[in-house]
Amino acid sequence: MSTIAETAPRGQARRRMRIDGWRWGGRIFLAFMLLYTALPMIWMLITSIKSGFAAMQFPPQWWPDQPTLDSYQKLLDPQNSVGQDFLRFFWNSLFVSTATTILSVIVAVPAAYAFSRFTFPGRNFLFFAVLLRNMFPAVIFLVPLFILMRAIGLVNTHGSLILTYLTFGLPLAIWLLKGFYDNIPVQLEQAARIDGATRFQAFILIVMPLSAPGIIATAIYSFIGAWNEYIYAYTFLSKNDQLTLPVGIQRFFSENTTDFPGLMAASFMMSVPVVVLFLVLQRYFVRALTEGAVKH
């Protein structure tokens with residue numbers, strides 16, 4: 001009996017040590033991933049406050065002796081050509097991303113609700129057909145979409161980008177929202193219908209507030225995808241006043257030299273809206289992913 005009593009605590013201690021080992025291993029891995037993702041942003045920020053000469057030094061100067069905000073002042077000053085171009089590119093990206101986000105939500109919400117609540121012929125086939133586009137790289141559709149946009153007169157307009165980003169973002173948006181609607185009990189809508197509400201009123205008053213995290217997650221996904229896209233913006237737009245930030249930033253490269261502090265400042269300012277948006281709304285994004293992935 002004493003041997004058994006001594007063995008049990010030892011076994012528990014070994015299990016506890018194994019659990020602690022996995023826990024500390026996970027913490028170390030997370031710390032490594034945080035460092036891996038944060039270092040480029042930190043180096044980009046440090047380079048943006050260097051002078052042009054300090055940015056080109058080798059070995060690199062990890063912290064500038066004389067930090068300067070000249071690059072940011074140049075970018076935000078509408079009185080010089082660089083500032084005018086950057087602010088125009090920033091506004092173009094903001095307009096295209098916001099329009100794409102609004103249209104994605106407007107289209108994805110009723111589509112996902114229909115897939116979740118209604119039964120109709122070909123429902124499953126149509127739902128998986130929507131997701132079929134995600135099986136192929138976006139670059140495959142580049143030439144056909146360019147020919148289509150040229151035929152309908154949308155080349156060198158923001159409308160070509162909005163329609164393209166909407167097409168690419170809708171499949172995942174619909175899939176994400178459908179999983180979320182599946183977890184909202186239909187009995188809530190039935191109770192509202194019994195109280196005299198129409199189906200549309202039940203959807204607006206009951207389902208929409210409960211699905212707010214999913215809608216916000218869809219909006220974040222659509223905005224980030226449109227904000228960062230480069231290939232289609234580079235292909236569809238050639239006029240300087242229509243360019244978005246990912247394409248416009250390449251203006252800091254020239255044949256003989258590159259303004260690295262200006263390039264890093266522009267890249268950092270381009271990253272700020274997305275980072276702030278995600279930090280502010282990340283709890284809704286995580287909640288949508290978890291609730292939409294588990295069937296209650």
Side-chain angles (χ1 to χ4, degrees), residues 30 33-52 54-55 60-64 66-102 104-105 158 161-162 165 168-169 213 215-234 237 240-253 258-286 288-289:
L30 289 176
M33 292 303 296
L34 177 62
L35 187 65
Y36 179 79
T37 55
L39 273 179
M41 290 288 293
I42 296 173
W43 182 246
M44 184 166 58
L45 179 60
I46 292 175
T47 305
S48 69
I49 60 176
K50 292 181 179 180
S51 63
Q61 189 179 36
W62 298 108
W63 183 259
Q66 297 178 340
T68 176
L69 297 177
D70 289 346
S71 297
Y72 292 97
Q73 293 174 354
K74 185 188 299 183
L75 290 174
L76 298 177
D77 184 7
Q79 301 302 322
N80 62 72
S81 59
V82 175
Q84 291 174 359
D85 286 343
F86 178 80
L87 293 175
R88 185 185 302 115
F89 300 153
F90 191 94
W91 164 252
N92 291 340
S93 288
L94 186 62
F95 171 74
V96 171
S97 301
T98 303
T100 302
T101 301
I102 294 173
S104 295
V105 171
H158 293 149
L161 296 183
I162 294 172
Y165 299 160
F168 291 158
I215 295 174
I216 292 174
T218 301
I220 294 174
Y221 167 76
S222 300
F223 186 89
I224 293 177
W227 183 267
N228 293 328
E229 204 281 325
Y230 173 80
I231 296 177
Y232 283 88
Y234 182 77
L237 304 178
N240 188 70
D241 59 345
Q242 296 290 329
L243 298 182
T244 56
L245 265 179
V247 181
I249 283 180
Q250 69 179 350
R251 298 299 175 92
F252 287 93
F253 294 95
T258 300
D259 181 9
F260 282 108
L263 177 63
M264 293 297 102
S267 301
F268 181 78
M269 292 184 66
M270 179 181 171
S271 305
V272 168
V274 175
V275 173
V276 171
L277 180 68
F278 189 80
L279 288 178
V280 172
L281 302 176
Q282 65 171 335
R283 60 191 182 99
Y284 297 103
F285 188 76
V286 174
L289 292 177

Query raised in the report: Taking atom CD1 of Ile102 and atom CD1 of Ile162, what is their separation to the nearest 0.5 Å?
Result: 9.5 Å

Query raised in the report: If only atom types and distance count, is the side chain of Ser93 paired as donor or acceptor with the main-chain N or O of Thr244 below 3.5 Å?
Result: no

Query raised in the report: Considering residues, nucleotides and ligands other than Tyr72, do more than 12 of their heavy atoms fall under 6.0 Å from its OH?
Result: yes

Query raised in the report: Are more than 12 heavy atoms from other residues, nucleotides or ligands located less than 6.0 Å from atom OH of Tyr230?
Result: yes

Requested in this report: Measure from the side-chain N and O atoms of Asn92 to the backbone N and O of Leu243, and report whether any donor-acceptor pair falls under 3.5 Å.
Outcome: yes

Query - Sub-4.5 Å side-chain heavy-atom contact between Pro246 and Glu229 - result: no

Report task. Give a yes or no on this: more than 12 heavy atoms of other residues, nucleotides or ligands lie within 6.0 Å of atom CG of Leu87. Result -> yes

Query raised in the report: Any ion pair linking Arg88 and Asp85 (charged N to carboxylate O, less than 4.0 Å)?
Result: yes

Query raised in the report: Rounded to the nearest 0.5 Å, how far does CE of Met44 lie from OG of Ser271?
Result: 4.0 Å

**Report entry** Heavy-atom side-chain contact between Leu237 and Leu161 under 4.5 Å
**Finding:** yes

Query raised in the report: Given side chains that start at C-beta, do those of Trp43 and Met264 come closer than 4.5 Å, heavy atoms only?
Result: no

Query raised in the report: Under 4.5 Å between any side-chain heavy atoms of Leu94 and Phe223, yes or no?
Result: yes

Query raised in the report: Is the shortest heavy-atom distance from the side chain of Met269 to the side chain of Phe86 under 4.5 Å?
Result: yes

Query - Ala265 versus Ser71, closest heavy-atom pair with distance - result: CB-CB, 3.8 Å

Query raised in the report: Who pairs with Phe268 by ring pair (Phe, Tyr, Trp, His ring centres under 6.0 Å), at least two apart in sequence or on another chain?
Result: none

Report task. Measure the CG-CG distance between Leu69 and Leu75 for me, rounded to the nearest 0.5 Å. Result -> 11.0 Å

Query raised in the report: Tell me, do Ser48 and Leu45 make a side-chain contact under 4.5 Å, heavy atoms counted?
Result: yes

Query raised in the report: Could you state the interatomic distance from CD1 (Ile220) to CD1 (Ile215), rounded to the nearest 0.5 Å?
Result: 12.5 Å

Requested in this report: For the pair His158 (side chain) and Phe95 (backbone), establish whether a donor and an acceptor sit closer than 3.5 Å, ignoring hydrogens and angles.
Outcome: no

Query - Donor on one side chain, acceptor on other, Ser222 and Tyr165, under 3.5 Å - result: no

Query raised in the report: Does any non-hydrogen side-chain atom of Met33 lie less than 4.5 Å from one of Leu30?
Result: no

Requested in this report: Nearest 0.5 Å please: distance from the CD1 atom of Ile46 over to the CE atom of Met41.
Outcome: 12.0 Å

Query raised in the report: Just by distance, do the side chain of Gln84 and the backbone of Pro78 share a donor-acceptor pair under 3.5 Å?
Result: yes

Report summary line: For Thr37 and Pro40 the tightest heavy-atom approach is O-CD, 3.5 Å

Report summary line: Trp91 meets the ring pair (Phe, Tyr, Trp, His ring centres under 6.0 Å) criterion, sequence neighbours left out, with none

Query raised in the report: Met270 versus Ile249: any side-chain heavy-atom pair under 4.5 Å?
Result: yes

Query - Residues Leu245, Trp227; criterion side-chain contact (heavy atoms from CB on, under 4.5 Å); working and verdict - result: CA-CA 8 Å; Leu245 265 179; Trp227 183 267; 3.9 Å; yes

Query raised in the report: Out of curiosity, Asp77 CG to Asp70 CG, how far, rounded to the nearest 0.5 Å?
Result: 11.5 Å

